[in-house]
Amino acid sequence: MAVLQAQPRGAALDGIRVAPSHGGVPATVREIMDATNTDGWAVLHEGNLVAEEYSGGMTAGSSHLLMSVSKTLVGAVAGALSGGGVLDVDALVTAYVPALAGSGYAGATVRNLLDMRSGIAFSENYLDPFAEVRLLEEAISWAPRMDPGLPSTLYGYLQTLRQKTFHGGVFEYRSCETDVLGWVCEAAAGEPMPQLMSRLLWSRIGAEFDATIGTDPVGTGMFDGGINAGLRDMLRFGSVFLNDGVSLTNERILSPGWIAETLDGAADSREAFLYSPGDNRMPGGMYRNQIWFPYPGNDVLLCLGIHGQMIYINRPARVVAAKLSSWPLPQDALKLFSTLGAFDAMSAALAADTAGLREQAH
């Protein structure tokens, strides 16, 4: 296990002022955490645990549904397989999963999945009970079955999806992309995702607690949003991207090349993000390898899940932060960007303190 050295600074961080965004008002870190249905939040700075807090019955040992933060974990497995020569991200999806040859994924590449740039027709409107994202939940028995004609497994449902535009076009956030990516990883490695993730990721980040994944009726993992884990282990995972692919246990998880191409994006990644049909509200940002970049440049990375799940990575400030929440609604721009602003403000303050101490030392 990677021990996180506690250097509590929560009281000092609580009072930091955060500039308003997306219709909000000026607030402190404490006010934002109190107003955003927080179950737990923590901040790691230069490897030290400077803040950690739980509410609503959650504890350090609790396992929390990560929602779509799960996507970044699956993306990391794909990255590890790529680095090991097991997965070719430029290959066709059907080279690994021939069963998708009759679906809309015919002609799509693994890279299209990683960056959510296939041409698949799939609505992610969580408030529409007939959107594909909700039909997927029916198919895997995560929601009451309203359509008896739906397949009864994840892989069966993915084979019914159809193409609406060319592959490799604009970014469009679609959970099905990660589900197909998980299928590809399993086929390439010849190993189920729970074992793959344990071997390539969880056992190597120095995790404190086991992670679990929800499954469909035949045992296939819900790759796009079904992983459960503890808050501190989210910090340990985020540190892999802070430390150029190396975990806090000094084990290499992802290759330098994978980290570099994640941070750099493709030549057209930001253009594809700009013209996305989704309401992303991240000007100058991009989506790459199942990770969000909310700003121009690559200083800040986000792993995001609905209902308020987040891992925040600020490379220049040497900060990894995480927040687990229970928002009433799946999406809430005010709560999301208030949280992002709070982590930005804490990162700036921690980086300034470190710079000041170094200056004193000279």
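By the 4.5 Å heavy-atom criterion applied to side chains, Arg315 and Leu301 are counted as neighbours.
Surrounding CG of Asn250 are at most 12 heavy atoms belonging to other residues, nucleotides or ligands under 6.0 Å away. Heavy-atom neighbours of Met1 CE from other residues, nucleotides or ligands within 6.0 Å: above the threshold of 12. By the 6.0 Å contact criterion, CG on Asp264 is enclosed, its count of non-hydrogen atoms from other residues, nucleotides or ligands being greater than 12.
Checked for salt-bridge contact, Glu46 and Arg318 miss the test: no charged N lies under 4.0 Å from a carboxylate O. Using a 4.0 Å cut-off between a side-chain N of Lys or Arg and a carboxylate O of Asp or Glu, Arg252 and Asp244 do not qualify as a salt bridge. A salt bridge links Asp279 to Arg281: one of the charged nitrogens lies within less than 4.0 Å of a carboxylate oxygen. Of the charged side-chain nitrogens involved, at least one lies within less than 4.0 Å of a carboxylate oxygen, so that Glu208 and Arg236 count as a salt-bridged pair. Contact check on Arg288 versus Asp115 returns a salt bridge, with a Lys/Arg side-chain nitrogen under 4.0 Å from an Asp/Glu carboxylate oxygen. Ionic pairing of Arg199 and Glu191 is present here: one or more N-O contacts between side-chain nitrogen and carboxylate oxygen are shorter than 4.0 angstrom. Between Glu172 and Lys164 a salt bridge is recorded (basic side-chain N to carboxylate O distance below 4.0 Å).
Remark: the backbone N or O of Gly61 is paired with a side-chain donor or acceptor of Thr59 at under 3.5 angstrom. At distances below 3.5 Å, not a single donor-acceptor pair connects side-chain atoms of Ser276 with backbone N or O atoms of Phe273. In terms of modelled atom types and a separation under 3.5 Å, the side chain of Asn243 and the main chain of Ser239 share a donor-acceptor contact.
With Met222 as reference, Leu136 is the one residue of Asp216, Leu136, Thr178 to meet the side-chain contact (heavy atoms from CB on, under 4.5 Å) rule.
Between the side chains of Asp344 and Ser347, no donor-acceptor pair is found at a separation under 3.5 Å. Looking only at atom types and distance, the side chain of Gln309 has no donor-acceptor partner in the side chain of Ser68 under 3.5 Å away. Defined by atom type and a distance below 3.5 Å, a donor-acceptor pair is present between the side-chain atoms of Asn314 and Tyr312. Between the side chains of Lys335 and Ser338, not a single donor N or O lies within less than 3.5 Å of an accepting N or O. For the 3.5 Å distance criterion, the side chains of Asn289 and Thr262 qualify, holding a donor opposite an acceptor. Side chain to side chain, Tyr157 and Gln159 fail the donor-acceptor criterion of an N or O pair below 3.5 Å.
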Hey, mind stepping through Phe171 and Trp292 against ring pair (Phe, Tyr, Trp, His ring centres under 6.0 Å) and telling me if it holds? CA-CA 11 Å; Phe171 162 75; Trp292 298 84; 5.6 Å; yes

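Residues satisfying the side chain to side chain donor-acceptor pair (under 3.5 Å) test with Ser325, not counting sequence neighbours, are Lys323. Checked against side chain to side chain donor-acceptor pair (under 3.5 Å), His64 has the following partners two or more places apart in sequence or in another chain: Asp39. The side chain to side chain donor-acceptor pair (under 3.5 Å) search around Glu52 returns Tyr54, Arg232, not counting sequence neighbours. Residues passing the side chain to side chain donor-acceptor pair (under 3.5 Å) test with Asp34 are Arg30, sequence neighbours excluded.
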Side-chain donor-acceptor distances from residues 179-189 under 3.5 Å, at least two apart:
residue: Asp179; atom: OD1; partner: Phe223; partner atom: N; Å: 3.4
residue: Asp179; atom: OD1; partner: Asp224; partner atom: N; Å: 3.1
residue: Glu186; atom: OE1; partner: Tyr155; partner atom: OH; Å: 2.5
residue: Glu186; atom: OE2; partner: Met193; partner atom: N; Å: 2.8

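Closest non-hydrogen pair, Thr212 versus Ser63, comes out as OG1-OG, 4.5 Å.
Legend: side chain to side chain donor-acceptor pair (under 3.5 Å) pairs involving residues 72-89, not counting sequence neighbours: none detected.
Ring pair His167/Tyr105 is parallel by interplanar angle, where below 30° counts as parallel and above 60° as perpendicular.
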